[in-house]
Amino acid sequence: MTPAELSQAVQAAVSAAVEAGELTVAVPETVNVERPKNRDHGDYAVNVALQLAKAAGKPPRQVAELVAARLRELPGIAKIDIAGPGFLNITLDAATQGELARTVVTAGAQYGHGDAFAGQKINLEFVSANPTGPIHIGGVRWAAVGDSLARILRACGADVTTEYYINDAGVQISKFGTSLQAAANGRPVPEDGYVGEYINDIAAEIVKQVPGILELDDATQLESFRTEGLRLMVAEIQRSMEEFGVHFDVWFSEKSLHDSGAVEKAVERLREQGHVYDQDGAVWLRTTDFGDDKDRVLIKADGDTTYFASDAAYYLNKRDRGNDVSVYMLGADHHGYVGRLKAIVACAGDDPSHNIEVLIGQFVKMLKDGEEVRMSKRAGNIITIDDVVDWIGVDAARYSLARVPTDSTLTLDIDVLTSQTKDNPVYYVQYAHARMCSIARNAAEMGIESTAEDFKPELLSTPWENQLLGQLGKFPGVLASAGELREAHRVARYLEELAGDYHRFYENCWVLPRGDEEVTDLNRARLLLVEATRTVFANGLGLLGVSAPERM
RNA sequence: GCGCUCGUAGCUCAACGGAUAGAGCAUUUGACUACGGAUCAAAAGGUUGCAGGUUCGAAUCCUGCCGAGCGCACCA
């Protein structure tokens, strides 16, 4: 029996009690079923009585008894205790619990997937770092988390588009071009330009690819460095992302919004909505109507559009492409944008509490030799995505970034991650998977087959098997809440718990026959449990973009 | 000054308002003559920054302080 099935059974029991006139409450839409931490509290704990007690006007324990009386009639339920303030502690019989293994194996790669977001079109925009340099550690955090979130939401049935916004218009790109030109001509980079080894590399590459560029007149040359530099840098970022296992469906050019006139059109559309006004020669959007600190300029007095106008045009573009929800993943240094972004949505006539979500990623600090590495893009000392991958590999990098919530600052100790990779939890999880594959290999050599058809679930009766089964049953719920809360780390944390439960099972429950022992149904039942567990690891690691190795 | 985010074991971090706040690392002690010891078992480690409030129940929600990070452009 899965937690979802049990939840429905409890809900039905509440309904029955209401219909019988024993309870006068509204039947809750969902009933919370959870695995209690303490084994003495049964296989599942339900707190529905505590939630209903007040509305029902009865003590929680009395409500619990009404529900429990009906649940006890159901097949598969071994025992129900009413504990503490009014928890229902439910114990299933071994066969009912063991069925979970069959459920998992039968569903295979689809196990855990759901349809909570079916029919929803969700746009995820992340990283979107300026193409004036390599992706640094802050971008890597969102690359890992954003991509995992995309995979998770897809597994929840959503129609997801992943997107990278390329800031290829504006002064930063001009400075980038100027810096490249200076480097290529052996001149010092301007005060506010970009420096670093990569500038010299790209400059040299452009000189190689565009013969005679240094003979062009200054303005033409600069334009060439600007365009070529941008092209090379974007290609470089794309390569880094693909190597990191992150795929963007759309690489969206800010410049294209200007070239197509979309920015001007966006201003007009907002004007039609009645939130645009002119003052001091500039064109403003009255974002303060929707909670922003101050109104924002769309078109400056000199006639240029602002970056904010591009943002507005970009949102409208996303909306026009049919996205119901646009998720923005921003670094902490951009959290001041939340108010104005939501105001754009409201000014466009959409619902800022539904059509847009902004996730904030706090900074990642890096420790080296016990000291924080201060990064400065302008000064050219940056930790790039390629550095991180070189040091610890894609799996460890993605995992260590995806296993923590994004709203806290995170400190990664380079020395720990480089010298003692065993400390990284990713190995704990991957090792569990490799161990299972090893058992499967041994079983195959011994000619042992275990199929869902001849599986005898009642044989999985030890506490370790029970615990492992219960953990497997949690996976769909974990996945659903990770999607709903936009928190990829829940999947990683779950896998760590599952790995612990598997390792303990492994220590205490021998799976295969030893020596020349006969193959028993218990061997086969445990082998199926191993396969079920392996399936969940493979599915879970896949959602994190981390490999599930068969050998390590 | 205003706003956003965050303060949890020595360190890095968990805990969709639930029962005795959990892992890993580091420390101490055990377990490999059969499925991979990158593992397991056990010990030790906490006034969840401080003070109030909300309720059956608060690390979680509210208020006020303290501390940290970040942001407050007709810049991008």
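A note on names: the letters A, B, ... follow the listed sequences, proteins ahead of strands, and every chain is numbered from 1.
- The closest donor-acceptor contact from the side chain of Asp395(A) to the backbone of Ser547(A) lies under 3.5 Å.
- The shortest distance between side-chain heavy atoms of Asp192(A) and Pro190(A) falls below 4.5 Å.
- Here C75(B) presents its P atom at 12 Å from CZ of Arg340(A), a figure rounded to the nearest Å.
- Counting distance only, with no hydrogens placed and no angle test, the side-chain atoms of His335(A) and the base atoms of G3(B) include a donor-acceptor pair under 3.5 Å.
- In this structure, Ile439(A) reaches the bases: a heavy-atom distance under 4.0 Å links it to at least one base atom across the strands shown.
- With the nearest nucleotide of RNA chain B identified for both Asp293(A) and Asn508(A), Asn508(A) has the one nearer the 5' end.
- Remark: the backbone N or O of Gly500(A) is not paired with any side-chain donor or acceptor of His503(A) at under 3.5 angstrom.
- Distance check on atom C1': U60(B) versus G18(B) gives 11 Å, rounded to whole Å.
- Residue Asp280(A) is in base contact, counting any heavy-atom pair closer than 4.0 Å across all strands shown.
- OP1 or OP2 of A41(B) lies within a sub-4.0 Å distance of a side-chain N or O belonging to Arg504(A).
- Side-chain N/O atoms of Lys294(A) include one lying less than 4.0 angstrom from OP1 or OP2 on C74(B).
- Residues Asn442(A) and Gln279(A) each lie close to RNA chain B; by heavy-atom proximity, the contact nearer the 5' end of the strand is made by Asn442(A).
- Side-chain proximity of Leu512(A) to the nucleotides G36(B), C35(B), C74(B) is greatest for C35(B).
- Applying the Watson-Crick and G-U wobble criteria (two distances, each under 3.5 Å), G7(B) pairs with C66(B).
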Any chance you could list the contact pattern along nucleotides 12-20 of chain B? Use B for base contacts, S for sugar-phosphate-only contacts and - for none, protein heavy atoms under 4.0 Å, 5' to 3'.
-> SSSSB-BBB
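- Between the CG atom of Asp295(A) and the P atom of A73(B) there is a distance of 13 Å, rounded to whole Å.
- Rounded to an integer number of Å, the gap from Asp501(A) CG to A41(B) C1' is 15 Å.
- C35(B) has its base stacked against the ring of Tyr506(A), the centroids being under 5.5 angstrom apart at an interplanar angle below 30°.
- Using a distance-only test at 3.5 Å, with no hydrogens or angles considered, a donor-acceptor pair links the side chain of Arg493(A) to the main chain of Arg403(A).
- If you check every strand for non-hydrogen atoms under 4.0 Å, Gln362(A) touches sugar and phosphate atoms only.
- Minimum atom distance to the side chain of Lys300(A) is reached by C75(B), of the listed C75(B), A41(B), C35(B).
- Taking atom C1' on both nucleotides, U12(B) is separated from A19(B) by 28 Å, rounded to a whole Å.
- Between Phe176(A) and Tyr194(A), the ring planes are perpendicular. Angles over 60° get that label, and only those under 30° would be called parallel.
- In this structure, Ala332(A) reaches the sugar-phosphate backbone alone: every heavy-atom distance under 4.0 Å involves primed, P, OP1 or OP2 atoms, never a base.
- Using a 4.0 Å heavy-atom distance criterion, Val171(A) is classed as a sugar-phosphate-only contact.
- Spacing of P atoms, G17(B) relative to U5(B), comes out at 16 Å, to the nearest Å.
- We find that NZ of Lys365(A) is positioned 11 Å from C1' of C6(B), with the value rounded to whole Å.
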Please report the C-alpha distance between Phe475(A) and Tyr494(A) in whole Å, then the side-chain angles of each, then the deciding distance to 0.1 Å, and finally whether the ring pair (Phe, Tyr, Trp, His ring centres under 6.0 Å) criterion is met.
-> CA-CA 8 Å; Phe475(A) 186 55; Tyr494(A) 164 77; 5.5 Å; yes
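- Atom pair Gln430(A):CD and U39(B):P shows a separation of 12 Å (rounding to whole Å applied).
- A gap of 48 Å separates the P atoms of U54(B) and U39(B), to the nearest Å.
- Cys437(A) comes within 4.0 angstrom of no nucleic acid atom, judged by non-hydrogen atoms across all strands.
- Atom CD of Glu531(A) is separated from atom C1' of C35(B) by 15 Å (rounded to the nearest Å).
- Comparing the C1' positions of A58(B) and A15(B) gives a spacing of 13 Å, expressed to the nearest Å.
- The separation of A14(B) from A9(B), taken at their C1' atoms, amounts to 13 Å, rounded to a whole angstrom.
- Without hydrogens or angle criteria, Ser179(A) side chain to Val189(A) main chain gives no donor-acceptor distance under 3.5 Å.
- Regarding Ile173(A), its CD1 atom lies at a distance of 15 Å from the C1' atom of C75(B), rounded to whole Å.
- Summarising the base pairing, G17(B) is matched to no nucleotide, lacking a Watson-Crick or G-U wobble pair whose two defining distances lie under 3.5 Å.
- Nucleotides A43(B) and A21(B), compared at atom P, are 15 Å apart to the nearest Å.
- We find that OH of Tyr399(A) is positioned 13 Å from P of C25(B), with the value rounded to whole Å.
- By the 30° and 60° cut-offs, the orientation of the rings of Phe537(A) relative to Tyr502(A) is perpendicular.
- Judged purely by atom type and a 3.5 angstrom limit, Thr287(A) uses its side chain to pair as donor or acceptor with the backbone of Lys294(A).
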